[in-house]
Visitor: 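Provided herewith is a single structure, encoded as structure tokens, for subsequent inquiry.
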Amino acid sequence: MGELVREYDRQLEWLRRREEQLFRRDAARRKGRVMSWAEKRVPDKLMATMDAAFYTAFQVLFQRGTGLLGRTIPTRKLLGERYLKEYAIKKAPGARSMGAFHRSAALSGALTTAAATAEGCVLGLLGMGLPDIPILMSILLRAVYHTAVRYGFAYDTKGERSYILLLLCAALTTGPDRKTYSDRADELGRLLDQEQVPWVDLEAQMREAAKALAGAMLVAKFLQGMTIIGVVGGASNFSTSRRVTEMANLKYQRRFLEKKRRKLTKA
């Protein structure tokens, strides 16, 4: 038991460093010439329009789309895989067996990124930016739901939806905002996993997340609405999807390890 706790601690420390690396990587990323050119030409009204588009997408997908997206997730298969991997961890605690979760989740994330990139480029060629938002969000939410199930967490309760909104904001914002959203997600995750479910104003949080994501993706969606050059904005879906799937894998893996560690130390 002590060996397993120490391995959980090592993995949690690795995840902490990994999150710091992701933050530094994204902070160091430079804007290309096209993005810099577009940033100066974004219409003032576009921010409000995108804010409303994201909020509407969250409303529809959370209220009516969760069940539909859930039907596309092979829950039994994922649960079976998780039980086998947990058994392997108990039999042979170590980085190799622990890494099995991350590798399988990373593969799923790569497929999501490919789908989001293709969808964005096609609509970019057609000069369609804003119609991409509900499609992109459905792809991203399905990927997050998939990751949640893989690690043994729900995705359809009010508390978990609030967690997912914070996760999305942590993945796509920058600077101090990103750190704030990341810390809020970690704190909420711990409360949920200890059954100390806080009161959540999901409506207010959807509005907060919509505003944050609209600001983060403003220039890319402006470019995507321009025929031909829109493929540059559409390709930004690659970065968006990668950041979301990486953050989801990291956050749910951390929750999984922390939950298992608490169970062992209480036994």
Side-chain angles (χ1 to χ4, degrees), residues 15 18-27 29 50 53-55 57-58 61-62 65-66 69-70 72-73 101-121 123 132-151 153 155-156 160-175 177-186 188-189 205-206 208-221 224 233-256:
L15 288 172
R18 174 60 178 159
E19 184 170 24
E20 290 179 350
Q21 290 172 358
L22 292 181
F23 285 9
R24 287 197 298 269
R25 182 200 69 189
D26 294 334
R29 183 180 289 112
M50 283 188 59
F54 273 110
Y55 175 67
F58 284 138
L61 291 170
F62 278 162
T66 298
L69 291 176
T72 69
I73 297 173
F101 273 108
H102 183 69
R103 286 192 295 274
S104 58
L107 175 60
S108 174
L111 296 174
T112 297
T113 297
T117 304
E119 173 265 329
C121 288
L123 290 182
D132 169 70
I133 289 176
I135 301 172
L136 176 62
M137 291 312 302
S138 65
I139 293 173
L140 295 181
L141 284 176
R142 183 188 181 278
V144 174
Y145 295 168
H146 199 281
T147 305
V149 173
R150 184 183 298 278
Y151 286 104
F153 296 98
Y155 56 80
D156 55 355
E160 292 293 347
R161 286 173 178 172
S162 178
Y163 177 80
I164 289 169
L165 288 171
L166 291 172
L167 187 155
L168 290 172
C169 291
L172 298 177
T173 54
T174 57
D177 286 344
R178 188 176 199 186
K179 180 66 166 60
T180 298
Y181 282 121
S182 177
D183 290 346
R184 286 173 61 188
D186 290 341
L188 178 57
Q205 194 151 358
M206 285 193 293
E208 180 185 359
K211 185 176 182 180
L213 297 184
M217 301 176 67
L218 181 64
V219 178
K221 293 307 163 194
Q224 195 173 345
S236 71
N237 281 8
F238 171 84
S239 175
T240 297
S241 179
R242 183 182 66 171
R243 290 171 68 174
V244 168
T245 54
E246 284 179 339
M247 185 62 66
N249 290 336
L250 188 152
K251 291 297 189 187
Y252 280 113
Q253 190 176 12
R254 174 179 289 168
R255 285 181 65 182
F256 170 81

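The residues of the chain are indexed from 1 along the displayed sequence. From a predicted model like this one, the values you see are computed outputs, not experimental measurements.
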Visitor: Got a second to check how far Ser241's OG is from Leu172's CG, nearest 0.5 Å?
Guide: 9.5 Å
Visitor: Looking only at heavy atoms, what is the nearest atom pair of Val144 and Ala248, with distance?
Guide: CG2-CB, 4.3 Å
Visitor: Would you call the rings of Phe256 and Tyr151 parallel, tilted or perpendicular if under 30° counts as parallel and over 60° as perpendicular?
Guide: tilted
Visitor: Rounded to the nearest 0.5 Å, how far apart are CD of Glu160 and CG of Leu188?
Guide: 7.5 Å
Visitor: Find out whether Gln21 and Arg25 are in side-chain contact, i.e. whether some heavy atom of one side chain is under 4.5 Å from a heavy atom of the other.
Guide: no
Visitor: Residues in side chain to side chain donor-acceptor pair (under 3.5 Å) with Glu20, at least two apart?
Guide: Arg16
Visitor: Check whether any side-chain heavy atom of Gln205 sits under 4.5 Å from a side-chain heavy atom of Leu166, and report yes or no.
Guide: yes
Visitor: So, Arg184 side chain and Ala170 main chain: donor-acceptor pair closer than 3.5 Å or not?
Guide: no
Visitor: At what distance, to the nearest 0.5 angstrom, does CG of Leu167 lie from CG of Leu250?
Guide: 9.0 Å
Visitor: Under the side chain to side chain donor-acceptor pair (under 3.5 Å) test, which residues partner Tyr252, sequence neighbours left out?
Guide: none
Visitor: Which residues satisfy the side chain to side chain donor-acceptor pair (under 3.5 Å) test with Arg178, sequence neighbours excluded?
Guide: Asp26
Visitor: Quick check: closest heavy atoms across Ala209 and Phe58, and the distance to 0.1 Å?
Guide: CB-CE1, 3.9 Å
Visitor: Can you confirm whether Arg254 sits close enough to Arg18 that some side-chain heavy atom of one is under 4.5 Å from a side-chain heavy atom of the other?
Guide: no
Visitor: Can you confirm whether Arg255 sits close enough to Phe153 that some side-chain heavy atom of one is under 4.5 Å from a side-chain heavy atom of the other?
Guide: yes
Visitor: Mind listing the closest non-hydrogen atom pair of Arg161 and Phe62 along with its distance?
Guide: NH2-O, 2.9 Å
Visitor: For Ser182, what residues pass the side chain to side chain donor-acceptor pair (under 3.5 Å) criterion, not counting sequence neighbours?
Guide: Glu19, Lys251
Visitor: Working to the nearest 0.5 Å, report the span between CG of Leu15 and CD of Gln253.
Guide: 4.5 Å
Visitor: How many angstroms lie between OG1 in Thr173 and CZ in Arg243, if you round to the nearest 0.5 Å?
Guide: 7.5 Å
Visitor: Which pair of heavy atoms, one from Leu168 and one from Leu213, lies closest together, and at what distance?
Guide: O-CD2, 3.9 Å
Visitor: Are Tyr155 and Leu141 packed together at the side-chain level, in the sense that at least one heavy-atom pair is separated by less than 4.5 angstrom?
Guide: no
Visitor: Can you check whether Pro134 reaches Leu61 side chain to side chain, under 4.5 Å on heavy atoms?
Guide: no
Visitor: Can you name the closest pair of heavy atoms from Met137 and Ala57 and give their distance?
Guide: CG-CB, 4.4 Å
Visitor: Restricting to salt bridge (Lys or Arg N to Asp or Glu O under 4.0 Å), what partner residues turn up for Asp183, sequence neighbours left out?
Guide: Lys179
Visitor: So, for Ala212 and Tyr181, which heavy atoms are closest and what is the spacing to 0.1 Å?
Guide: CB-OH, 3.7 Å
